[in-house]
Amino acid sequence: MKFIHAADLHVDSPLRGLDAYEGAPVARIRSATRLALMALVDLALSEQVDLVLLAGDIYDGNWPDFKTGLFFREQMVRLTKAGILVFIVKGNHDAESVITKSLPEAPGVHVFSARKAETVKLDALGVALHGRSFPEKAVTDDLMPGYPPALAGLFNIGLLHTSLTGRPGHNPYAPTTLAALCSKGYDYVALGHVHAREVVQEASPRIVFPGNLQGRDAGETGPKGCELVTVENGRIASAEHVSLDVVRWHRWALDTTGMQSLDDVAAGFQSLAAEHTAGLRDRLHAVRVSLHGESELARLEAAQPGSLAASLQAAAQDLDGVDVWIEKVQCSEVRLPLDRSLAAARPDAVGDVIRLVDELLADDAVLSAWARQALDDMKDLPRELSDAHPGQWDAAQWREALQAAEASVLAHLGSGASGAETDAGARP
């Protein structure tokens with residue numbers, strides 16, 4: 001017996017904000033969740049699996065129209081016409097109270113009840129499946145106590161959408177413990193909700209978050225896909241992660257220390273691309289690049305803002321045989337060569353800037369208060385851009401912005417900012 005375990009498909013996730021990026025491959029990125037699901041179905045057919053298990057968040061929320069539901073149903077029909085059965089538990093994004101539209105059920109697709117946990121026996125395969133869907137988005141109770149115990153003589157699989165004991169970046173829905181999962185006597189527990197792949201426990205039972213099927217932004221980097229599991233004589237014979245993403249998100253860091261020109265930056269980026277995309281030429285690579293290090297390039301960036309980002313975008317255009325889109329360039333950590341302790345003692349504008357920045361960076365509360373005061377006269381942004389208002393930033397975003405501002409100011413102050421001279425220099 002062979003099965004696929006996947007979760008968090010988020011089909012037709014809207015991916016808002018892409019239109020604001022000049023040259024962004026919007027259509028390719030927005031179609032990625034559909035293409036990844038099609039790749040999952042192709043895998044199931046080629047591997048001739050018996051079951052496909054989907055552990056919640058099939059959709060990103062209520063359908064704006066019927067196109068999303070019809071597309072998903074079409075893919076399920078491809079499976080069931082080949083004799084592959086599909087079992088689904090609903091999660092927080094596709095809970096019964098969230099999805100208000102409906103379509104005729106596809107034969108061979110079983111959605112577990114949201115009222116209580118239930119069991120489906122497949123005697124021909126020697127399998128028992130146990131699961132429960134979310135009745136509403138915010139399920140804060142532990143659902144595992146209501147799950148039935150394993151059935152003797154069968155390979156038992158539990159499906160659950162859960163945060164377990166908590167995972168960073170994920171709401172604490174249907175919280176439960178490893179002990180609670182193990183107490184049921186199952187052989188495999190198919191989890192969903194957490195977007196990073198995690199093998200919680202290797203065996204007795206094997207417990208896995210497969211991660212989401214397709215990364216959606218720079219916070220969801222690396223390979224994305226599903227688990228392919230083979231069972232022989234009632235035991236797991238093999239289990240592997242299969243990458244299915246069609247857009248691979250990355251975060252790359254480039255050290256600019258000692259670089260003198262934009263050509264140096266371009267060459268450094270191309271080396272990173274060759275390292276990180278080797279053997280992965282069949283997908284789009286969406287990259288967020290962080291530049292750091294002490295370099296005279298900081299002065300060029302201050303004089304011509306956007307120079308570093310443009311040089312990287314030009315370097316991406318020159319790549320041969322690999323498709324790379326640069327989603328964002330962060331260069332606040334590129335600084336002029338500077339002895340900070342000596343510069344802070346200077347009686348001029350350079351010293352003033354460094355002392356102020358050091359004071360603000362030393363205490364997040366002080367930085368936050370200073371920032372709020374600076375924003376007092378700032379007008380509200382349009383509603384569609386309200387999430388980008390600096391008033392919504394956290395401490396890390398304020399530190400990044402402050403460091404970027406410091407680098408820009410020091411670069412504008414001229415050559416004296418890079419040394420330890422004590423002459424007053426030109427004040428702003």
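Bear in mind that the values here come from a model prediction, so they are computed numbers and not experimental data. Each residue takes its place number in the sequence, starting with 1.
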Taking the side chain as everything from C-beta on, heavy atoms only, tell me whether C182 gets closer than 4.5 Å to P205. yes
We want to know whether S261 and D263 form a side-chain donor-acceptor pair, criterion being a heavy-atom distance below 3.5 angstrom. no
Centroid-centroid under 6.0 Å between H195 and H10 rings: yes
Measuring from atom CZ of R132 to atom CZ of R115, what distance do you get when rounded to the nearest 0.5 angstrom? 10.0 Å
Let's go through F72 and L103 carefully: what are the C-alpha distance in whole Å and the side-chain angles of both, what is the deciding distance for side chain to side chain contact (heavy atoms under 4.5 Å, CB included) to 0.1 Å, and is it a yes or a no? CA-CA 11 Å; F72 177 72; L103 291 166; over 6 Å; no
Could you check if a side-chain atom of T162 sits within less than 4.5 angstrom of a side-chain atom of L143, using non-hydrogen atoms only? no
Would you please say whether a donor-acceptor pair under 3.5 Å links the side chains of H130 and E118? no
Does any part of the side chain of T80, heavy atoms only, come nearer than 4.5 Å to the side chain of P107, both counted from C-beta? no
Check each of R216, R30, R34 against D12 using the salt bridge (Lys or Arg N to Asp or Glu O under 4.0 Å) test, and report the only one that passes. R34
Identified side-chain contact (heavy atoms from CB on, under 4.5 Å) partner of V127 from the options I157, L154, L151: I157
Do the charged groups of K101 and D65 touch, with an N to O distance under 4.0 Å? no
Validation row: L308, T256 side chains within 4.5 angstrom (heavy atoms): no
Electrostatic pair R235-D187, nearest N-O below 4.0 angstrom: no
Y188 vs H5 aromatic rings, parallel, tilted or perpendicular, using cut-offs 30° and 60°? perpendicular
Are the side chains of L254 and W252 in contact, using a 4.5 Å heavy-atom criterion? no
Please give me the minimum heavy-atom distance between L262 and S307, naming the atom from each residue. CD2-O, 4.1 Å
Any side-chain to backbone donor/acceptor pair from H93 onto D8? Under 3.5 Å, distance only. no
Minimum heavy-atom distance G69-Y59, with the two atoms named: CA-OH, 4.0 Å
Go through the side-chain N and O atoms of T33 and Q214 and say whether any donor and acceptor fall under 3.5 Å apart. no
